[in-house]
Amino acid sequence: MSLLHSNKRTHRCGELRATDIGTPVAVYGWVQSYRDHGGVVFIDLRDRTGLLQLRCEPTPHAAAHAIANTVRVEWVVAAIGTVISRGNNANPKLPTGTVEVAVEALEVLSEALTPPFEIKDGLETNENLRLQHRYLDLRRPELSRNFVLRSEAMQWTRQYFTAEHGFLELETPILMKSTPEGARDYLVPSRVHPSSFYALPQSPQTFKQLFMVSGMDRYLQICRCFRDEDLRADRQPEFTQLDLEMSFVTQEDIEAVLEGWVALIWQRALGVEVKLPLRRMTYADAMDQYGCDKPDLRFGLPLHDLTARLRGRVEFRVFVDVFDAGGIVKALPLPPSDLITRKDLDKTFPAEAAPFGAKGVAWARVGAAGPGGVLEWSGPVAKGVSEALRAELNEVLGLVEGGLVLFVADKPAVVNASLARLRLVCGERLGKMDPKAWSFLWVTDFPMFEWDEGAKRWGAMHHPFTSPRADHIGLLDTDPGAILAQAYDLVCNGTELGGGSIRIHRTDVQAKVFRTLGLSDEEAREKFGFFLDALQYGTPPHGGLAIGFDRLLMLLCGAHSLRDVIAFPKTQKATCLMSESPNTVDERQWAELHIAPRRV
RNA sequence: GGAGUGGUAGUUCAGUUGGUUAGAACGCCGGCCUGUCAAGCCGGAGGCCGCGGGUUCAAGUCCCGUCCGCUCCGCCA
């Protein structure tokens, strides 16, 4: 009879310690490695909790030793024996290193092909190969560890919101209605209704609001969302969202509940005490000072808008042309450092800024004080700047001898995007991105609408159910661009963890917002009729937010890609190399769904 | 849709101005070995150089195309 039936597992591999010496055990796992000394055979046994050394000697358990001689890497084995001390032969690298199991019986439960890559940490194998054999990649401790934390974080999250804050965990449909706003939908053709399609949820936005209309009061879901857009290291076509909604609350109430959760997760996962309340910054300030709406505030290096100071006062050709075209100039002052070289100024920085539309990066090096007592400049910008202006800029930018200033001049969007990027590049180069530092902030007061130049219409910056600030509702008729929304994003170390808003709970305001977005009453009814109907039956003031759960895990795990925290991720072309999805299907299936392949 | 980058034994890589039989390390297979833990020693096997064209006396190397991975721009309310 197999050991599996006669000897239930007593311990996981990583659990045994010196206090277990003398204990009879039954252990199960994968062979990490074996070392055959002719006599004694050592086997490192692995499961997701760690490694354990087995010792098999020829006597008195000859049968076990004979089997030990045959085992190979990644075979699955069971062993029974006794925990003994390793004495002077302890291995300080392993948590179980002070003990080993003197094996009395050994059984091979499963043989294994030689794996296509070694199952160990720190290997730099082709991502291709790893994704094809994802189940093997997941055996690697540095990866499986991420999923242990993922599981724990989910449990802490459910516990916190349901038991401590009165949330209900509720589910919403996966087969939903397609609406053309936002990201591209994944569509599912209906068999029963020819030419009709379901859409997979980009987020359960309307449904969670309907839960508030239903009186569920507080809703929580850890839900899968789908967006058919191109991938990035931090974007997968399906991802997991912590979705929340609350009734009878203000923005501050929602932020407070979330902050408590953030503190709890960081405390339990990393032992880090997050100081509450979290920092807040308006969208306008973030754009002005950091050029983006998710600044990494582990370090300073703020940007300075010099447009007003420089216009009409510099001869530097590039700036003059940009001013004539209505553009702006912003500066990124940097402290003295030999970590930033001439090559960076000439090559790296322009290359980093180019993808955002910047035609170049101007710069000035700050030298010693000249005859007039003003720090001198060298570099492309230096010549066109008078001594008086230089003195002024030295003061405003806080420049010191040996320092450096980077300038980008262009349209505001280009200037902000490229300098935001350069700020991160310099922060990294100057060693200011401490992986153990955690800088959270709420970005608040987002604009309600942004002008879509291509479509010549207003678009919702967050989504069309976001409530304007109460005192800005009047501007819906006069100046939509000036309206600020009751919307907020949670940012950590330059990553947008999530965002949300107070929702519109008045039908008249919702109707006006749709109109501003260029949706006629008929169009709004067609798309969101069920939702607008519901709002008329007594809607509580409500709001909520959604957190990108995978991105949160990325931060907690120190992962550089979402793929490291999603068990079975897709490639950049949205395929699964392991299961080979998506795949073609039988023509009969096309026919059933009333669709036909398009001739290419 | 666009830009960049990579693809050579199972794996990670090297491979010169185009020039003998494409190498190394690790892994794998066999043998020896009773305290290893990156075990050690001896021996061995293992290659559609991503794929398809082209240039050339000769292509892993040069040119064109294509497929796949990754990073980024566009896109992601």
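Convention: sequence-line order gives letters A, B, ...; per-chain numbering from 1.
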* To do: Report which part of the nucleic acid A/Gln236 touches: base, sugar-phosphate, or nothing (heavy-atom distance under 4.0 Å, all strands).
  => nothing
* Under-4.0 Å side-chain N/O to phosphate OP1/OP2 contact, A/Arg35 with B/rC33 -> no
* **Rounded P spacing from B/rA59 to B/rU12 in Å** => 28 Å
* To do: Please report, rounded to the nearest Å, how far the P atom of B/rA38 is from the CD atom of A/Glu118.
  => 13 Å
* To the nearest angstrom, how far is A/Ile119 atom CD1 from B/rA38 atom P? -> 18 Å
* **A/Arg140 (side chain) donor-acceptor with A/Lys120 (main chain) under 3.5 angstrom** => yes
* Separation of B/rA39 P from A/Gln53 CD (nearest whole Å) -> 11 Å
* Are A/Phe465 and A/Phe528 close enough that their ring centers fall under 6.0 Å? -> yes
* Structure fact -> Here the distance between atom C1' of B/rC37 and atom NZ of A/Lys120, to the nearest Å, is 13 Å
* Asked: So what does A/Val41 touch, heavy atoms closer than 4.0 Å: a base, only the sugar-phosphate, or nothing?
  -> nothing
* **Nearest-Å distance for atom pair CG/C1', residues A/Asn91 and B/rA38** => 11 Å
* Whole-Å distance between B/rG40 C1' and A/Asp36 CG? -> 12 Å
* **Sugar-phosphate, base or nothing in reach of A/Phe239, heavy atoms under 4.0 Å** => nothing
* Asked: Is a side-chain donor-acceptor pair under 3.5 Å present for A/Ser581 with A/Asn583?
  -> no
For residues 74-84 of chain A, please give each side-chain donor-acceptor pair under 3.5 Å, one per line with the distance, not counting sequence neighbours.
| residue | atom | partner | partner atom | Å |
| --- | --- | --- | --- | --- |
| A/Glu74 | OE1 | A/Arg46 | NH2 | 2.9 |
| A/Glu74 | OE1 | A/Arg139 | NH1 | 2.8 |
| A/Glu74 | OE2 | A/Arg46 | NH1 | 3.0 |
| A/Trp75 | NE1 | A/Ala112 | O | 3.4 |
| A/Thr82 | OG1 | A/Glu104 | OE2 | 2.8 |

* Reading 5' to 3' through nucleotides 65-77 of chain B, protein heavy-atom contacts under 4.0 Å coded B for base, S for sugar-phosphate only, - for none -> ---SSBBBBBBBB
* Gap between atoms CG and C1', on A/Leu129 and B/rG50 respectively (whole Å) -> 14 Å
* Asked: According to the 5.5 Å centroid and 30° plane-angle thresholds, does A/Phe117 stack upon the nucleobase of B/rU11?
  -> no
* Asked: For the pair made of CZ in A/Phe42 and P in B/rG40, what is the distance, rounded to whole Å?
  -> 14 Å
* For A/Phe42, which residues count as a ring-ring contact (aromatic ring centres under 6.0 Å, His included) partner, sequence neighbours excluded? -> A/His37
* Decide whether A/Thr341 and A/Asp344 meet the rule of one side-chain donor and one side-chain acceptor closer than 3.5 Å. => yes
